[in-house]
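Computation of the quantities below employed the complete heavy-atom set of this structure, encompassing side-chain atoms and omitting hydrogens, waters and symmetry-equivalent molecules. Just so we're clear, the structure is a prediction, and the values are computed from it rather than from any experiment.
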Amino acid sequence: MSGLAHAQSFRDLIAYQKSRQLSREIFKLTKPFPKEEMFSLTDQIRRSSRAIGANIAESWAKRRYEKHFVSKLTDADGEQMETQHWLETALDCEYIDQKANNQLVAKCLEIGRMLNGMMDKANMFCGEPPSTLREESAEYFTGSDDYPSADN
């Protein structure tokens with residue numbers, strides 16, 4: 001993780017910051033959705049947009065193991081794609097206009113590119129934390145000459 005000395009937390013990751021901004025925009029956008037959509041479309045699009053950042057945060061906690069890190073980023077990417085689907089559904093239902101859809105889908109795609117970049121360079125994010133203390137290797141005696149004698 002020495003390549004990321006500037007990122008002390010998942011909160012420092014631009015992909016995370018952009019995912020939070022996206023979820024805030026989607027929350028505001030969905031406020032006027034019809035009440036009958038509260039437990040379907042509104043809930044789904046809010047959940048998927050919020051899950052992007054949640055999965056990025058989880059990936060940060062799992063970065064000690066590259067495969068786990070990439071797995072959680074893959075989940076985040078899946079959530080951003082699901083969010084695109086729900087945006088297009090909202091467009092189909094005429095709850096949002098084409099301009100709003102295009103702007104938010106573009107933000108999803110940007111986050112997706114960032115996530116894919118992180119996955120491609122996972123080795124820069126993963127490994128032993130630099131603050132891990134390591135114990136020096138113990139010296140082992142293998143021959144009788146190596147042991148102090150009982151006479152000494």
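Residues passing the side chain to side chain donor-acceptor pair (under 3.5 Å) test with Gln80 are Asp77, Gln84, sequence neighbours excluded. Not a single ring-ring contact (aromatic ring centres under 6.0 Å, His included) links Phe27 to another residue, sequence neighbours left out. Under the side chain to side chain contact (heavy atoms under 4.5 Å, CB included) criterion, Thr30 pairs with Ile26, Phe33, Thr42, Ile45, Arg46, sequence neighbours left out. Under the side chain to side chain donor-acceptor pair (under 3.5 Å) criterion, Lys72 pairs with Asn55, Glu58, Asp75, sequence neighbours left out.
If you chain together hydrophobic residues whose side chains sit under 4.5 Å apart, Leu13 and Met119 fall into the same group. Criterion: ILVMFWY side-chain heavy atoms under 4.5 Å apart, direct or through other members. Under it, Phe125 and Met114 are not part of a common hydrophobic cluster.
The nearest pair of heavy atoms linking Leu41 to Ala90 is CD2-CA, 3.9 Å. Looking at every heavy atom in both residues, Gly53 comes nearest to Ser19 through CA-OG, 3.3 Å. In plain terms, the two heavy atoms of Phe69 and Ser59 that are nearest each other are CD1-O, 3.1 Å. Residues Gln44 and Trp86 share a closest heavy-atom pair of CB-CE2, 3.5 Å.
To the nearest 0.5 Å, the span separating CG on Asp92 from NE2 on His85 amounts to 9.0 Å. Separating the CD1 atom in Ile52 from the CE atom in Met81 is a distance of 11.0 Å, to the nearest 0.5 Å. Separating the CE atom in Met124 from the CE atom in Met118 is a distance of 10.5 Å, to the nearest 0.5 Å.
Counting heavy atoms from C-beta outward, Tyr95 and Pro34 have side chains that approach closer than 4.5 Å. You'll find the side chain of Leu87 reaches within 4.5 Å of the side chain of Leu29, heavy atoms only. The shortest side-chain heavy-atom distance between Ser9 and Asp12 falls under the 4.5 Å cut-off.
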Taking only distance into account, with no hydrogens and no angle test, what donor-acceptor pairs under 3.5 Å do side-chain atoms of residues 105-113 form with protein atoms, sequence neighbours excluded?
from, atom 1, to, atom 2, distance (Å)
Lys107, NZ, Glu25, OE1, 2.8
Lys107, NZ, Glu25, OE2, 2.7
Glu110, OE2, Lys18, NZ, 3.3

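Looking only at distances, no side-chain donor or acceptor of Arg20 sits under 3.5 Å from a matching main-chain atom of Gln17. Between the side chain of Thr83 and the main chain of Glu79, a donor-acceptor pair closer than 3.5 Å is present. Listed for the Asn102 side chain is no donor-acceptor partner under 3.5 Å among the backbone atoms of Lys99.
Applying the salt bridge (charged side-chain N to carboxylate O under 4.0 Å, His left out) rule to pairs touching residues 34-45 yields Asp43-Arg47, sequence neighbours excluded.
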